[in-house]
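What you see is a predicted model, and the numbers here were worked out from it, not measured in a lab.
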Amino acid sequence: MQRAHLVAAFLTFAALCVGVSALSVSRDRHVTLEQARREFAATAHLLDEHASRAIEAGDSQLRMLLDALERWDRRDPAEGRRIQAAMRARAERLPQVGGVWALDARGRLLLDSAEHPPPPRDLSERDYAQAHLGVAQGPPTALHVGSYLPAGPGISQGRFTISRALRDEEGTLQAIAVAGIQNTYFSQMYGEAGWGEGARLALFTSAKEKLAEWPPDSAVEPPTTAWPQPWDPPDGPAIIEGTQITAARMLTGFPIVVVASRPLAEVLAPWRERALWTTAVSGGILTGALVLFVFALAGARREEAVRAELLRANQSLDERVRQRTAELEKALRSAEMASLAKMKVLATVSHDLRQPLQGLAAFHELLLKEAPNPTLQQLGAMASASLQAGQRLLDDLLTLSRLEAGVVPVEIGVFPLAPLLDQLAAELRAEAEGKGLRLTVMPTKAWVRSDPARLQPILRNLLSNAVKYTARGGVVVGARPRGDGLRVEIWDSGQGIAKAELGTIWEEFYQIGNPARDGSRGAGLGLSIAERTARLLGHPLEVRSRVGRGSVFAVTLPRAPAPAAPIPMAVPPATAPTPPARPAGASGRLSGRRILVVEDDPLQRNSLTLLLEQAGAGVMASDSFDSALAAAQATLQAPSAILSDYRLPGGTDGLSGIQMLRGVLGRDVPAILLTGELSADLVRAAKEAGCLVLTKPAAPDRILSTLAELTPGADAAA
C-alpha cells in the first residue's frame with residue numbers, strides 16, 4: 001500500500017512540476033508582451049510629442065512669413081531683402097527647418113531664405129503648389145504636408161514640405177509659404193532611442209506617404225491593423241500585427257502619423273532564454289525526484305518488512321499502556337497547539353487591526369477638520385481618546401506575543417540609573433500631583449548593566465501602577481545595593497494586595513478590583529509584559545504587600561562601575577501616545593509636493609489620498625509598484641516622496657518596491673514605510689535603505705509632518 005502511495009505521490013509531483021513550469025512560461029510570455037506593448041505605446045507617445053514640436057516650429061515660421069507677405073510692398077526692394085534676412089535667421093535657429101520660401105499666386109518663386117533675389121523658377125507643378133493653386137478661391141487651405149523630396153542639386157539632405165496659403169478678404173490666392181523639413185532630423189533622433197537591431201521607426205502622412213524613417217532605407221511600410229482611426233483612444237496600446245509589434249499615433253492637429261515597430265521574435269528573445277532555463281530546471285528537479293523515488297521505493301520494501309516484525313513483537317504489550325500513551329500524546333499536542341494558536345491570534349489580530357485603525361485615524365482627522373460644531377469637536381476628541389486606547393491595547397498585545405515567541409532583541413549596555421528614573425518621574429509627576437500625592441525619587445549615582453529600551457517600560461509600568469492605585473500619601477522610588485546587584489524599589493501607600501493575589505497579578509488580563517472590566521483602567525497586560533521582559537533580561541522581579549498599608553515592587557539589576565570618562569546616556573523616549581496638535585495652516589503644509597501612495601487596500605488608499613490632498617499635495621495612488629512605475633513613466637514626472645505599505649500583493653514588499661522605483665527613476669526619492677509590522681529586522685533593513693518607518697495606526701498629523709520634513713521646498717512638477 002505504501003509503495004502505491006509513493007508511485008501516486010511521484011506522478012502527482014511530476015504533473016505539478018510540468019504544469020507549474022508550463023504555467024510559469026506562459027505567464028512570463030504574457031507579461032513580456034504586455035510590458036513591450038506598454039513600452040512601445042510610451043515610445044510612440046514620445047515620438048508624437050517630438051514630431052509635434054518640430055512641425056509646430058516649422059508652422060510658426062510659415063505663419064510669420066505669411067504675416068510679412070501680407071504687409072510687404074513689393075515696390076520696395078529693401079523690404080524684400082529684410083524679409084528674406086529674417087526668414088534665413090529664423091530658419092538657421094531651427095535644425096529641423098531646411099529652408100523657407102514663398103511662391104506668388106501663379107506658383108513662381110517669390111522669396112527664398114537661401115538667396116535674394118531668388119532665381120526665376122516656376123514651381124507650380126510641385127505638390128505643395130498644386131494643393132493651394134487647385135483652390136482658386138475660398139477659405140485658406142489648412143496646413144499641407146508634402147511628399148518626401150530626396151537629396152538633389154542644391155539640396156544636401158532629403159526633406160518633406162509643409163505649406164500654407166495667403167488669401168485676401170475675398171478668398172483669392174495671394175501667395176504660398178513653404179518650409180522644408182529635414183527628414184534626417186527625425187531619423188537621427190530615432191536612431192538614438194536604443195531600441196535594438198530590428199526596430200523600425202517612421203513618419204507617414206495621413207495618406208500613408210512616407211516622410212522619414214529609421215534606419216535609413218529600411219523600406220518601412222505603413223501598418224494595416226495598427227493604423228490609427230479617428231475613433232481610436234489617443235493612448236491606445238501597441239498592437240501585435242503579424243510578426244511585428246507596432247504602435248502608431250496621429251499627431252494632434254497635423255495630418256502626420258508616427259509609427260514604431262519591432263520584430264516579435266526580438267521582443268520575445270529574453271523570454272525564450274528564460275523558458276529554456278525553466279525547462280532545464282524542471283527537468284533536473286524531475287530527474288532528482290525520480291532518483292529519490294527509486295531509493296524511497298526500496299526503503300519502503302525494507303520498512304514494510306520491519307513493520308511486520310514490530311507488529312508481531314508489539315502484540316504482547318498491555319492495551320492499557322498503549323491507550324494511556326496515546327492519551328498523553330494527544331494532551332501534549334493539544335497543549336502545544338493551544339499555545340501556538342494563542343501566539344498566532346495575538347500577533348495576527350494585533351497586525352491586522354492596525355489596517356482599519358489607520359484608515360479610521362485618517363478619516364477621523366478629516367472629519368474633525370470639517371466639523372465646525374463644538375459638540376462634534378468634543379465628540380471627536382472623545383473618539384480620539386478611544387482610538388488611542390485601542391492602539392495602546394494593540395501595542396501591548398503585540399509586545400506580549402513577541403515576548404512569548406522569544407523574538408524580542410536585547411542590547412545590553414552600561415548606563416547611569418538616575419536619568420532614567422528622573423525621566424519616568426517627570427512623566428508621572430503631573431498625574432501624581434493631580435491626585436494630591438508626593439512622588440519622590442531618591443538620588444543615586446549608581447551605574448547598571450541592562451538594556452535601557454527594555455528596562456524603561458518595566459519601571460514605567462511599576463511606577464504608573466503605584467500612582468494609579470494610591471489614593472493618599474505618596475510614592476517613593478529608590479535604589480539600594482544588594483550584593484553584586486542594585487535593587488530598584490518602588491514604595492506606595494496604596495490599598496495593597498491580598499496574599500492570595502500576589503501570584504496571579506502577573507497573569508494576562510488580571511486586574512485587582514476590576515471584575516466588570518472597566519476599560520478606562522487598562523487591559524491588565526502591563527504587569528504580564530513587565531514580568532516577561534524582566535525574565536528576558538535576567539532581572540529578578542519581586543513584590544511585597546500589606547492590605548491597607550501599601551506595596552513594594554522591586555527589580556534587581558547588575559551593578560557596573562562608573563566609567564572614567566562618563567558617556568551621555570540616550571534615554572529612550574516616552575512611548576505613551578499623546579493627542580496630536582493641529583497646527584494652523586495644516587491644510588497647505590504639503591502644497592507643491594507630489595506624493596506617490598502605494599497601498600493595496602482600497603480603504604487605506606482612499607483615506608491617505610484624501611488626507612494628503614487636503615494638505616495641498618498632488619497624489620498619485622496605486623495598488624502596486626508596477627502601476628506606480630507605469631504612471632510615473634507616462635507622466636514623465638518623479639514624485640517628491642513615496643508613502644508605501646510593506647505588505648503588497650504579488651510577492652513584492654514595499655521596501656523592495658521603493659528601491660526598484662528609485663533605480664528606474666535614477667533619483668533617491670524620500671520614502672516612508674507605513675506598516676503594521678513591528679519587526680526589528682524590518683526597521684534595520686529600512687534604515688539601511690534610507691527609509692523611515694511609521695507604525696500603523698500612525699497619527700495623521702505625524703504622517704503630514706514627516707512628509708513635510710522629508711520634502712522641504714519640493715515642487716510637484718519636479
Any donor-acceptor pair under 3.5 Å from [X] side chain to [Y] backbone:
| X | Y | result |
| --- | --- | --- |
| Arg605 | Val597 | no |
| Arg662 | Val669 | yes |
| Arg549 | Val547 | no |
| Ser545 | Ile497 | yes |
| Ser450 | Pro452 | no |
| Arg438 | Val475 | no |
| Thr675 | Tyr646 | no |
| Asn461 | Ala530 | no |
| Lys435 | Val467 | yes |
| Ser551 | Gly494 | no |

Chi angles and distances behind the salt bridge (charged side-chain N to carboxylate O under 4.0 Å, His left out) call for Glu411, Arg454 = CA-CA 9 Å; Glu411 298 181 5; Arg454 306 299 170 205; over 6 Å; no
For the residue pair [X] and [Y], what are the closest heavy atoms and their distance?
| X | Y | answer |
| --- | --- | --- |
| Asp653 | Leu655 | OD1-N, 3.0 Å |
| Pro670 | Leu710 | CG-O, 3.7 Å |
| Leu674 | Asp645 | O-OD1, 3.1 Å |
| Arg559 | Pro481 | NH1-CB, 3.7 Å |
| Thr444 | Ala479 | OG1-CB, 4.5 Å |
| Ser644 | Ile658 | CB-CD1, 4.2 Å |

Answer whether the closest heavy-atom distance between the side chains of [X] and [Y] falls below 4.5 Å.
| X | Y | result |
| --- | --- | --- |
| Gln423 | Gln456 | yes |
| Pro639 | Arg593 | no |
| Phe625 | Met660 | yes |
| Leu629 | Val664 | yes |
| Val555 | Ile490 | no |
| Ser493 | Arg472 | no |
| Leu557 | Val488 | yes |

Audit row: Leu428, Leu424, side chain to side chain contact (heavy atoms under 4.5 Å, CB included) steps and yes/no: CA-CA 7 Å; Leu428 295 168; Leu424 294 176; 5.6 Å; no
Review point. Please walk me through it: do Leu673 and Leu643 pass side chain to side chain contact (heavy atoms under 4.5 Å, CB included)?
Key: CA-CA 6 Å; Leu673 275 180; Leu643 180 63; over 6 Å; no
- So Thr706 and Arg702, side chain to side chain contact (heavy atoms under 4.5 Å, CB included) or not? Walk me through it. CA-CA 6 Å; Thr706 306; Arg702 186 180 180 192; 4.1 Å; yes
To the closest 0.5 Å, what do you measure between [atom1] ([X]) and [atom2] ([Y])?
| X | Y | atom1 | atom2 | value |
| --- | --- | --- | --- | --- |
| Leu590 | Glu613 | CG | CD | 11.5 Å |
| Glu531 | Leu462 | CD | CG | 11.5 Å |
| Glu599 | Asn606 | CD | CG | 10.0 Å |
| Arg544 | Trp491 | CZ | CH2 | 5.0 Å |
| Leu694 | Leu707 | CG | CG | 8.0 Å |
| Arg594 | Thr711 | CZ | OG1 | 13.5 Å |

**OP:** Evaluate the criterion side chain to side chain contact (heavy atoms under 4.5 Å, CB included) for residue pair Leu704 and Leu612; output intermediate values, then yes/no.
**Re:** CA-CA 7 Å; Leu704 299 179; Leu612 296 175; 3.8 Å; yes
Practice task
Count the heavy atoms belonging to other residues, nucleotides or ligands that lie under 6.0 Å from CZ of Arg449, then report whether that count exceeds 12.
Solution key: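 Check fails, neighbour count at 12 or below.
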- Query: Is the count of non-hydrogen atoms from other residues, nucleotides or ligands lying under 6.0 Å from Arg274 atom CZ greater than 12?
  - Reply: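 More than 12 heavy atoms, drawn from other residues, nucleotides or ligands, come within 6.0 Å of this atom.
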